[in-house]
Amino acid sequence: MKKQLIEEIKELIKINPEETIEINPNYLEYFDIDELIDIKNKLKLKRNNIIETNSNFLDEIYEKTKKDEI
């Protein structure tokens, strides 16, 4: 379970799908399962917030450009 959580955390950290993320295994051994789950959940939340923020920003830009065309 711990190994799977670590892999999921690495995936959430990635920006580019081609990217390889390496995390010091000694550092990760320090965390217990609950802490790793918490890290994973926080990363998911941050990623979702960034996606939503970017989406809103792009919508605003689109609306402004649409108005400029009229």
Side-chain angles (χ1 to χ4, degrees):
M1 169 112 181
K2 194 170 187 175
K3 188 172 183 172
Q4 180 183 351
L5 280 170
I6 291 169
E7 290 305 313
E8 290 174 9
I9 288 169
K10 287 180 183 180
E11 287 299 312
L12 287 167
I13 291 172
K14 283 184 184 183
I15 293 174
N16 178 349
E18 307 297 318
E19 193 174 23
T20 301
I21 301 293
E22 295 299 327
I23 301 174
N24 183 338
N26 294 328
Y27 179 72
L28 292 174
E29 288 302 318
Y30 172 79
F31 296 106
D32 64 25
I33 297 290
D34 289 335
E35 290 171 317
L36 288 171
I37 290 171
D38 188 50
I39 290 169
K40 177 186 157 192
N41 290 337
K42 286 180 181 176
L43 284 168
K44 277 178 138 179
L45 182 63
K46 281 186 176 200
R47 179 168 272 218
N48 289 338
N49 285 343
I50 288 171
I51 290 169
E52 184 177 330
T53 300
N54 285 342
S55 177
N56 290 340
F57 177 71
L58 292 172
D59 286 345
E60 285 178 31
I61 290 175
Y62 174 73
E63 288 301 319
K64 285 180 182 178
T65 58
K66 224 168 89 175
K67 287 178 186 175
D68 289 344
E69 290 177 358
I70 298 178

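Each residue takes its place number in the sequence, starting with 1.
With Asp34 as reference, Asp32 is the one residue of Asp32, Leu36, Asp38 to meet the side-chain contact (heavy atoms from CB on, under 4.5 Å) rule.
Annotation for Lys44: atom NZ does not count as buried by contact number, only 12 or fewer foreign heavy atoms lying within 6.0 Å. Within 6.0 Å of atom CD1 in Ile61, more than 12 heavy atoms from other residues, nucleotides or ligands are found, so the atom counts as buried in its surroundings.
In the hydrophobic clustering of ILVMFWY residues, with side-chain heavy atoms under 4.5 Å counting as a link, Phe57 and Ile15 come out apart. The hydrophobic clustering, which links ILVMFWY residues whose side-chain heavy atoms are closer than 4.5 Å, places Ile13 and Leu5 together. Cluster membership for Phe31 and Ile33, using ILVMFWY side-chain heavy atoms within less than 4.5 angstrom, is shared.
From Ile21, atom CD1 reaches atom CD of Glu7 across 11.0 Å, with rounding to the nearest 0.5 Å.
Residues satisfying the side-chain contact (heavy atoms from CB on, under 4.5 Å) test with Lys46, not counting sequence neighbours, are none. The salt bridge (charged side-chain N to carboxylate O under 4.0 Å, His left out) check on Glu35 picks up nothing, with sequence neighbours excluded.
Using a 4.5 Å heavy-atom cutoff, the side chains of Lys40 and Ile37 are not in contact. In this structure the side chain of Gln4 reaches within 4.5 angstrom of the side chain of Glu8, judged on heavy atoms. The closest side-chain heavy-atom distance from Arg47 to Leu43 is not below 4.5 Å.
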